[in-house]
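Counting starts at 1 for both ligands and their atoms, following the listed order.
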Amino acid sequence: MSNPLDLEKKIRKIRDHVNEYPDFPKPGVLFRDVFSVFQNAELVAMLREVLIAFATQIQPPVECVVGIDARGFLLAPFIALELEVPFVPVRKKGKLPGKVASVSYALEYGEANMEIQESSIKEGQRVLIVDDLLATGGSLGAACTLVKKLGGVVEACLVLMELSELKGRLNVPTNVISIIKY
Ligand SMILES: O=P(O)(O)OC[C@H]1O[C@H](OP(=O)(O)OP(=O)(O)O)[C@H](O)[C@@H]1O
Ligand SMILES: Nc1ncnc2[nH]cnc12
Ligand SMILES: [Mg+2]
């Protein structure tokens, strides 16, 4: 595993390769797209290493990693694999088969729903929730609600990027760790 200086360099490299799109999906939003990092295998390896370095600091160790549909699915499995714990998806409404728990959450305009499979988390299980980016905190907050509905304990949330000005972490009822802050 890298020393802290190496890790800082890798984080800066990743940051330099997140493409930015002004006025997407609507005017005034600067969209930060983590998919651009996945164009380069060396950067993917760095991203994996950085995520694992942060996730392995979490104490007590988590027993399950939840990823949020869709971009959270790119990151969470790296961590689950390293920790040798299950990966569990939280998905937008209507995508998961079997019995699900649902929650509605606020978007900038309107409302959406997210779901989790009822049998995916055990009572008392310590969970890490992972996503690419924290903006208003609506998505992470909804995922926390779903995990708690199933009796899980959210130990922490981990995001690659945080839009600090939006103060989204105030809408997330647990410790949020962010790797890149804008
Ligand atoms: O903090 P919030 O205000 O909830 O915003 C953050 C969420 O917004 C994006 O997801 P989005 O659902 O837009 O796209 P995706 O399906 O590509 O992940 C991003 O991937 C985060 O999940
Ligand atoms: N600026 C942004 N970039 C990427 N995803 C987002 N989700 C909400 N705001 C976003
Ligand atoms: Mg998302």
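- In terms of protein heavy-atom proximity, atom 6 (C) of ligand 1 is nearest to Leu133 O, 3.4 Å.
- Set against the non-hydrogen atoms of Thr136, the atoms of ligand 1 under 4.0 Å away are 1 (O), 2 (P), 3 (O), 4 (O).
- A donor-acceptor pair under 3.5 Å is absent between the side-chain atoms of Glu118 and the main chain of Ala101, judged by distance alone.
- The part of Asp69 lying near ligand 1 is the backbone, judged by heavy-atom distances below 4.0 Å.
- For Thr136 (side chain) and Gly168 (main-chain N/O), no donor-acceptor pair under 3.5 Å exists by modelled atom type.
- Taking a cut-off of under 4.0 Å to the non-hydrogen atoms of Lys92, the atoms of ligand 1 that pass are 11 (P), 12 (O), 14 (O), 15 (P), 16 (O).
- Of all the atoms in ligand 1, the ones that sit under 4.0 Å from a non-hydrogen atom of Asp132 are 19 (C), 20 (O), 21 (C), 22 (O).
- The number of heavy-atom neighbours closer than 6.0 Å to NZ of Lys10, taken from other residues, nucleotides and ligands shown, is above 12.
- Between Phe38 and Phe78, the ring planes lie parallel to each other; the angle is under 30°, not in the 30° to 60° tilted range.
- Counted within 6.0 Å of NZ on Lys95, heavy atoms from surrounding residues, nucleotides or ligands total 12 or fewer; the atom is thus considered open.
- When distances from atom 20 (O) of ligand 1 to the protein are checked, a heavy atom turns up under 4.0 Å.
- In this structure, the protein non-hydrogen atom closest to atom 17 (O) of ligand 1 is Arg71 NH1, 2.5 Å.
- Residues Ile179 and Leu51 are in side-chain contact: their nearest non-hydrogen atoms beyond the backbone lie under 4.5 Å apart.
- Atom CD of Glu165 sits in a sparse spot, with 12 or fewer heavy atoms from other residues, nucleotides or ligands closer than 6.0 Å.
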| message | Go through it in stages, so that I can follow the logic: the residues are Leu75 and Leu158, the test is side-chain contact (heavy atoms from CB on, under 4.5 Å), and I'd like the CA-CA distance, side-chain angles, deciding distance and then a yes or no. | response | CA-CA 10 Å; Leu75 311 182; Leu158 175 61; over 6 Å; no
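- Contact check for Ile58 versus Ile177: side-chain heavy atoms found under the 4.5 Å cut-off.
- At least one N or O atom of Ala135 sits closer than 3.5 Å to an N or O atom of ligand 1.
- Of the protein's heavy atoms, at least one falls inside 4.0 Å of atom 15 (P) of ligand 1.
- With sequence neighbours excluded, the residues satisfying salt bridge (charged side-chain N to carboxylate O under 4.0 Å, His left out) with Asp33 are Arg71.
- Shown here, atom 10 (O) of ligand 1 is out of close reach of the protein: none of its heavy atoms lies under 4.0 Å off.
- When only non-hydrogen protein atoms are considered, atom 4 (O) of ligand 1 lies nearest to Ser139 OG, 2.6 Å.
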For ligand 2, run through the N/O pairs with the protein that fall under 3.5 Å and put one pair on each line.
unit_1, atom_1, unit_2, atom_2, d
ligand 2, 1 (N), Leu30, O, 2.9
ligand 2, 3 (N), Arg32, N, 2.9

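- Looking at atom 22 (O) of ligand 1, its nearest protein heavy atom turns out to be Asp131 OD2, 2.5 Å.
- For ligand 1, one of its N or O atoms has an N or O atom of Gly137 under 3.5 Å away.
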